[in-house]
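Below: one structure, written as structure tokens.
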2 protein chains.
Amino acid sequence: MDKLNLTKHISSQFNEEIEQIRNHVMAMGGLIEQQLSDALTAIATSDAELARQVIATDLVVNDWEIRIDGECTRIIAKRQPAASDLRLIMAIIKAISDLERIGDEAERIAKVALESFSSAQQDLLVNLENMGRHVAQMLHDVLDAFARMDVEAALAVYKEDKKVDREYEAITRQLMTYMMEDPRSIPKIMNVLWSARSLERMGDRCKNIAEYVISFVKGKDVRHSGEDILEQDARS
Amino acid sequence: MDKLNLTKHISSQFNEEIEQIRNHVMAMGGLIEQQLSDALTAIATSDAELARQVIATDLVVNDWEIRIDGECTRIIAKRQPAASDLRLIMAIIKAISDLERIGDEAERIAKVALESFSSAQQDLLVNLENMGRHVAQMLHDVLDAFARMDVEAALAVYKEDKKVDREYEAITRQLMTYMMEDPRSIPKIMNVLWSARSLERMGDRCKNIAEYVISFVKGKDVRHSGEDILEQDARS
């Protein structure tokens, strides 16, 4: 009886700690959502002040990554979690690494907002913003899927990435045409192109996080398995 | 006495297992070194067959990542390693994630080798190859630092990344000038530019791995701390 209580006690302490870590991941994720949203607004409205704020926030995001990483290592050392709990912690460690890099890309986009664009070039930014809002939705959805460890929601994000890739290709083609028509604009257009690339990479990272959710819930590493097999595994 | 033997037994089994994991990391790293070297050769010699080989190797690299990841999770669950051993395993988990992404970038570069370039454009590829050889050396050095957990060697790689960044900026400027002079060449030049970007990202990832080495040896997370503080920590 004593032993049972002790186990229960340890396990409930573990649960509390893991719950706290998950809350921290959500706080970090929320911050990065804000970063991305602000970076897109900064580009759309040429708001240099907001852009600088996004850039400054990157330091806070970095701190979150180091902090959560430390919490994960400590909980493993202290609690010696069982297989499934351990896999959850591993999923968290991987997810925050992707989240931190999404924050880095948001910072890169914010730097573009510090440049001035002509009104013709402004038109090009509209497509970039649309793609950005799409990725922001993906990020929101994957954080939600991660919070609830929801396989179907994760699978939806995973599939969404293909649409973002197609949007990216369309923007790239459009920007290249523009560069060919007006070669003097190349340096500025390149910056828009880098931002589109940043968004495309963010989409990839959201897809990574979706894979961690599916891998965790299904108890099988589904990374690199391709959409068909992954969908089969997710729904099995 | 029995207990002591048992502990020794467990610990030596742990050491054997961790040694095997480290060997696997080195095997994976060696494969990626080869991938990068082959991708650069494929571009320099327009060798489509070699390029396709690099692209195919990516699947093997992916398998290594999943395999080593599984080994790390299992050794934690089974052996419940002490603090320093656990930190080593965490460093390995992070390093293989960066290594796998370096392999992805090598694959992207190999795809450029499948394109045909005019002889004038070929000249531009020389600078790309030089930058590539520089990054390949960084990758080699950081794998070496990781194998020996050598802080000084890791610090050297960390600092080398700045030089790669400068090389990247120079190439970018050169390519943009070229695009402005000959707008029809933009789509092809863009591919060279993407490759340069891939190399720059590889350098970043080598720098990440260097940080894991320093963090592990020094028992302090040195990521995001900036060069001055990192160097101070590494040498303390």
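Being a predicted model, the structure only gives us computed values, none of them experimental. Throughout, a chain's letter reflects where its sequence line sits, starting with A, and its residues are numbered from 1.
The main-chain N or O of A:Ile93 is never found under 3.5 Å from a side-chain atom of A:Ser97 such that the two would form a donor-acceptor pair. Listed for the B:Glu100 side chain is no donor-acceptor partner under 3.5 Å among the backbone atoms of B:Asn62. Without hydrogens or angle criteria, A:Thr73 side chain to A:Asp69 main chain gives a donor-acceptor distance under 3.5 Å.
Closest non-hydrogen pair, A:Ile109 versus A:Ser198, comes out as CG1-CB, 3.9 Å. A:Ala106 and A:Ala39 get closest at one heavy-atom pair: O-CB, 3.7 Å. The heavy-atom pair separating A:Val192 from A:Leu128 by the smallest distance is O-CD1, 3.8 Å. The shortest heavy-atom contact between A:Ile209 and A:Ala95 is CD1-O, 4.1 Å. In terms of heavy-atom proximity, A:Asn127 sits nearest to A:Ile171 at O-CD1, 3.5 Å. Between B:Val25 and B:Ile96, the shortest heavy-atom distance links the atoms CG2-CG2, 4.0 Å.
When the heavy atoms of residues 216-236 of chain A are compared with those of chain B, the residues falling under 4.5 Å are A:Asp221, A:Arg223, A:His224, listed by number. Proximity to chain A among residues 160-167 of chain B is not found for any residue, judged by heavy-atom separations below 4.5 angstrom.
The residue among A:Arg184, A:Arg101, A:Met179, A:Lys94 with the most heavy atom pairs within less than 4.5 Å of chain B is A:Arg101. With chain A as the partner, the residue from B:Thr172, B:Leu86, B:Ile66, B:Asp63 showing the most heavy-atom pairs under 4.5 Å is B:Ile66. The candidate from A:Glu105, A:Arg74, A:Arg87 with the greatest count of non-hydrogen atom pairs under 4.5 Å with chain B is A:Glu105. Per-residue heavy-atom pair counts under 4.5 Å with chain B were compared for A:Arg197, A:Glu181, A:Arg173, A:Lys78, and the maximum is reached by A:Arg197.
With contacts defined as side-chain heavy-atom distances shorter than 4.5 Å, the pair A:Ile32/A:Trp64 does not qualify. For the pair B:Val213/B:Val157, no side-chain contact is recorded, criterion being any heavy-atom separation below 4.5 Å from C-beta on.
Between B:Arg79 and B:Asp85, none of the side-chain N atoms (NZ, or NE/NH1/NH2) sits under 4.0 Å from a carboxylate O, so this pair counts as no salt bridge. B:Lys207 and B:Glu211 are not joined by a salt bridge, as no carboxylate oxygen comes within less than 4.0 angstrom of a charged side-chain nitrogen.
Residue contact with chain A, scored on non-hydrogen atoms closer than 4.5 Å, is absent for B:Asp104. Contacts between B:Ala77 and chain A at a heavy-atom distance below 4.5 Å involve backbone atoms as well as side-chain atoms. Looking at B:Met180, the atoms closer than 4.5 Å to chain A (heavy atoms on both sides) sit in the backbone and in the side chain alike.
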